[in-house]
Structures are given as C-alpha cells and as structure tokens.
Amino acid sequence: MKKLSARRRHPLAAVVVLLLALAATGGLYAAFAPAGKAQADETSQSLTIKEGQKLYEVGCASCHGTGGQGSSDGPSLVGVGAAAVDFQVGTGRMPASSSQMAQIPAKKPIYTQAQIDQLAAYVASLGAGPNVPTKEQYSKEGADIAKGGELFRTNCAQCHNFTGKGGALTKGKYAPSLEDVAPKHIYEAMQTGPQNMPSFPDTTMTEKNKKDIIAYLNAVNSSETENPGGLELGGLGPVSEGLFAWIFGLGALIAVAVWVAARTAKAKKS
C-alpha cells in the first residue's frame, strides 16, 4: 500500500492523468461529432436523390430511359450534370410536349424549384457534369459590361442578334430572345449548350467572361438604358432597318414619281 501511495504522489502523475484525459476527449470528439455531421449530410443528400428519382421515373423515364441512358425519344442524361436539368426544367422546356418538334420552346415550368433541385440531384448522381451556378457566379457585381459586349458580339450575336433579341436558324429552329431570361439560366445555357447552342465550359470561356456577358445583356435589355442612337426599331439590326427603308423609303420614291408623272400629264393637257 505504501508503494501504491508513493506512485500516486509521483510528480508526473498529474501530467499523465491530464494527457490521458485530453487524449480520450479528443478521440471521442473525432469519433462521434464529425461522423455524425457527415452522416447527416449524406442522409439528406440521399433523400434528395431518392425523391428526385421518383419524380424522374414519373415525368422523364419514358423518353430518357429508366436509368437516364436515353432512347429514340430522348438523349442520354448521364454526365449532363445538375446545371442542364435546372436550365431545361426551370425554363419549362422539359418535360417536352413532343419529341418531334424542330425545337423545344420555353414555357411555364410545371415543377417547383424544390422539385427541380431534387431532379437535378438525381441526374447529377448518374454521372459528373456542370453544377448549378451560385449567385456570385452570375451576379453583375464586379462585371465588365464593355468586355461582356465584346464577347457577346464575337461568340453569340451571329444567332441571338447583337442585343439578344434572337433570330431565325435553319429547318424551323431559332435562337431565342434573351430578354427576361434569368441570369442563372443564361449562365447554365453557356455551360451546357442546350439544343442548337454550343457549350462554353470554363476551359473555353472563363467564369468571369460569363459574368461579363450576363451584365452586358442586363444593361442592353434594361428599360432604364437610354439608346443614344434614337429609335432602335426593336433592336433587330439590319432586318428591321431594311424593312423600314423598303416600306417608307421606297414608298416615298414611288409617291414622288407618281406626283411628277401626274404634274407632267396635267401640263401636257393644258
């Protein structure tokens, strides 16, 4: 007993006990706290994917296949990512009323944003692809509008017109107007390249470039932006300007010619 008592009173005994207590506390925290949080996050994500799968099986599987592998009525969704789903379903293009149309038009979405998020999570689980952008990525804060205009005219104006009014393509297809399109959906369209549009991943067009383009479109389509050139004729460029010239310019010339001919005929009679 005397020996045991002496060991308990050893100068290092308190230090050893403190170290053991700290090690035990740290071990218990590492074993339970982080694992519990990670497990909760994983469970939440799993539930989101499961709910998305249910929605997919009801509204999408008939065209895109039960596992997203695609069919004769719809392309494969493996690897398209959450951004493609958020764009297509969020703009009402999907589900499509018919797969035989030349181009699927935008319409009022039939799913809520929560349901769209669930569908996007399920499709993203089928294969890696572009993620839904954050507000910071498509916010106009810190964007260069002039640079965005330069990029838009170089890469987009051939189809969408230089102010984003849209334009006709071949075989019944068209580039839709970009007026009143949500900045998030414009960003996602550049990421994923829907329908006839080419994709512009970050390796081709940086995140900052996309932000600049969105800021430019917001500026030119804003009702508060004044047009220094006067009447813009719908912003359709040479189409509307040429039509104006033919109708009013040529019409005025014809009117003058008729007037001159009438005056000449009257002068001959007299």
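Sequential numbering from 1 along the given sequence is applied to the chain's residues. Quantities reported herein were computed from a predicted structural model and do not represent experimental measurements.
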Side chain to side chain contact (heavy atoms under 4.5 Å, CB included), that's the test. Do L178 and F152 meet it? Break it down for me. CA-CA 12 Å; L178 300 179; F152 186 86; 3.8 Å; yes
First locate atom CG of N155, then atom NE2 of H160, and finally report the distance between them rounded to the nearest 0.5 Å. 11.0 Å
When rounded to the nearest 0.5 angstrom, what is the spacing between SG in C156 and CG in N161? 11.5 Å
Just how far is it from atom CD of Q88 to atom CG of L77, taken to the nearest 0.5 Å? 9.5 Å
Do the charged groups of D202 and K210 touch, with an N to O distance under 4.0 Å? yes
Hey, any chance Y138 and V220 share a hydrophobic cluster, counting ILVMFWY side chains that come within less than 4.5 Å of each other, even indirectly? yes
Rounding to 0.5 Å, atoms OG1 (T163) and OH (Y216) come to a distance of 6.5 Å
Is the number of heavy atoms from other residues, nucleotides or ligands under 6.0 Å of K107 NZ greater than 12? yes
Side chains of D73 and S71: any donor to acceptor distance under 3.5 Å? no
Distance col, row M205:CE vs T154:OG1, nearest 0.5 angstrom, shows 9.0 Å
Does the distance from a Lys or Arg side-chain N to an Asp or Glu carboxylate O, for D86 and K184, drop under 4.0 Å? yes
Assess the residue pair K211 and E136 against the criterion (salt bridge (Lys or Arg N to Asp or Glu O under 4.0 Å)); give the C-alpha distance rounded to whole Å, side-chain angles, the decisive distance to 0.1 Å, and a yes or no. CA-CA 9 Å; K211 181 182 239 187; E136 174 61 28; 3.4 Å; yes
Please check if I104 and I186 belong to a single hydrophobic cluster, counting links between Ile, Leu, Val, Met, Phe, Trp and Tyr side chain heavy atoms closer than 4.5 Å. no
Check the pair R93, Q195 against side chain to side chain contact (heavy atoms under 4.5 Å, CB included), reporting the backbone distance first and the verdict last. CA-CA 11 Å; R93 289 177 167 85; Q195 301 191 75; 3.6 Å; yes
Hey, quick one: are M197 and I214 part of the same hydrophobic cluster, counting side-chain heavy atoms closer than 4.5 Å, chains of contacts allowed? yes
Using 30° and 60° as the class limits, which term best fits the ring planes of H185 and F87: parallel, tilted or perpendicular? perpendicular
For residues I110 and Y56: do they belong to one hydrophobic cluster (side chain heavy atoms under 4.5 Å, members Ile, Leu, Val, Met, Phe, Trp, Tyr)? yes
Set out, in order, the CA-CA distance, both residues' side-chain angles and the distance that settles side chain to side chain contact (heavy atoms under 4.5 Å, CB included) for R263 and V260, then state yes or no. CA-CA 5 Å; R263 287 291 301 270; V260 170; 5.7 Å; no
If Ile, Leu, Val, Met, Phe, Trp and Tyr residues are connected whenever their side-chain heavy atoms lie under 4.5 Å apart, and connections chain through other members, are M94 and V181 in the same group? no
Verdict with reasoning, D117 to T48, per side chain to side chain contact (heavy atoms under 4.5 Å, CB included): CA-CA 8 Å; D117 293 340; T48 301; 5.7 Å; no
Count the heavy atoms belonging to other residues, nucleotides or ligands that lie under 6.0 Å from NZ of K140, then report whether that count exceeds 12. no
Roughly how far apart are L119 CG and I49 CD1, rounded to 0.5 Å? 12.0 Å
